[in-house]
Amino acid sequence: MFDLSGKTALVTGGNGGIGLAMARGLARSGASVVLVGRDAAKSAAAVEALKAQGLKADAVEADVTDEGSVQRLIAQVLERHGALHILVNNAGTNIRKPPQDLSLEDWNTVLDTNLTSAFLCSRAAHAPMKAAGAGKVINIGSMMSIFGAPYAPAYGASKGGIVQFTRSLATAWAADNIQANAVLPGGIDTELTRKARDQVQGLNERVLARTPAGRWGVPPDLAGIAVFLASSASDFITGTAIPVDGGYSIA
């Protein structure tokens, strides 16, 4: 039920953090994973690390905020692997400022990276998934899809948008046997959240106090949900937004 042998999975922002952990989980379940990022050296190192574990991995350098770059990305994946079955839209960034201090350039940078990239990659992936007879889209949201924060207006807007975009994909593409779901990570220990803890006083203590699990998550905590949502085990699940947060959202 969770076997991904013969499947090709594309993971944006897949050369580190949550993206790489998800890619590793997919590869361990049999998928051929393609890591996408703008840092070719970092992607190459991630691919070598996966291959050293006997996993099938590849990398493509692309700017997922650029329409032409995304089209070339999908063409390369199809040329190298013949098909595309799984898309993980994980590329993301944040600029932590209150709304009154956020420039339009800041806003556009975050929205383009977090939300527009998911639209461009999903749109480009539709035709090959439909041709394959099935597909899985996994969009990475956030606790900021649910809660507000004074220092994350653009990030919160982008991640709230991810949830609604996921629902639109789910309803639009159900007839093509393509399921789309969102994952909402809680406090996960990554380079991005380490910067947040440096910039936002008291954040570490607040997250720990509210999380019933009593700890920050680690990227491998996201591997299982990625495998589940990419596999036939989730064929009747679409349009959902699933927290992976140690209980943060219910406390």
Next on the checklist: Looking at Phe147, I'd like to know if the NZ or CZ of Arg210 sits under 6.0 Å from its six-membered ring centre while staying within 45 degrees of the ring's axis.
Outcome noted: yes
Checklist entry - Between the side chain of Thr113 and the main-chain N/O of Val110, is any donor-acceptor distance below 3.5 Å? => result no
Item to check | Validation row: Pro185, Ile18 side chains within 4.5 angstrom (heavy atoms) | outcome: yes
Checklist entry - Is there a donor in the side chain of Asn89 and an acceptor in the side chain of Ser122, or the other way round, less than 3.5 Å apart? => result yes
Item to check | Pairs involving residues 113-125, ordered by first then second residue, that meet salt bridge (charged side-chain N to carboxylate O under 4.0 Å, His left out) (sequence neighbours left out) | outcome: Glu67-Arg123
Checklist entry - Do the side chains of Val88 and Val70 join up, straight or via other hydrophobic residues, at under 4.5 Å, putting them in one cluster? => result no
Next on the checklist: Give me the atom names and distance for the closest heavy-atom approach of Thr8 to Leu84.
Outcome noted: O-CD1, 3.8 Å
Item to check | Sidechain N-carboxylate O distance under 4.0 Å for Asp221, Arg215 | outcome: yes
Checklist entry - Aromatic rings Phe2 and Phe228: how do their planes relate, parallel, tilted or perpendicular, breaks at 30° and 60°? => result tilted
Checklist entry - Are any side-chain N or O atoms of Ser232 and backbone N or O atoms of Met1, one a donor and one an acceptor, separated by less than 3.5 Å? => result yes
Next on the checklist: I'd like to know whether NZ of Lys56 has more than 12 heavy-atom contacts from other residues, nucleotides or ligands below 6.0 angstrom.
Outcome noted: yes
Checklist entry - Does Gln201 offer a backbone N or O that forms a donor-acceptor pair with the side chain of Arg206 under 3.5 Å? => result yes
Checklist outcome for this item: Correct closest heavy-atom pair for Ile162 and Leu115 would be N-CD1, 3.7 Å
Item to check | Close side-chain approach of Pro128 and Ile74, heavy atoms under 4.5 Å | outcome: yes
Checklist entry - Distance only, no hydrogens: is a donor on one side chain within 3.5 Å (strictly under) of an acceptor on the other, for Asp106 and Thr109? => result no
Checklist entry - Counting distance only, does the side-chain N/O of Ser69 pair as donor-acceptor with the main-chain N or O of Asp63 below 3.5 Å? => result yes
Checklist entry - Does atom CD of Gln53 have more than 12 heavy-atom neighbours from other groups under 6.0 Å away? => result yes
Next on the checklist: Would you say that Asp66 contacts Arg72 through its side chain, given a criterion of any heavy-atom pair below 4.5 Å between the two side chains?
Outcome noted: yes
Next on the checklist: Quick check against the 3.5 Å criterion: does Asn181 have a side-chain atom that pairs as donor or acceptor with the backbone of Ile237?
Outcome noted: yes
Checklist entry - Would you say the side-chain atoms of Asp245 pair up with the backbone N or O of Ser249, donor to acceptor, closer than 3.5 Å? => result yes
Checklist entry - Can any side-chain N or O of Ser231 pair as donor or acceptor with the backbone N or O of Ala233 at less than 3.5 Å? => result yes
Next on the checklist: If we count only N and O atoms by modelled type, under 3.5 Å, do the side chains of Asn114 and Ser158 hold a donor and an acceptor together?
Outcome noted: yes
Checklist entry - Would Asp235 and Lys136 pass as an ion pair if we require N to O under 4.0 Å? => result yes
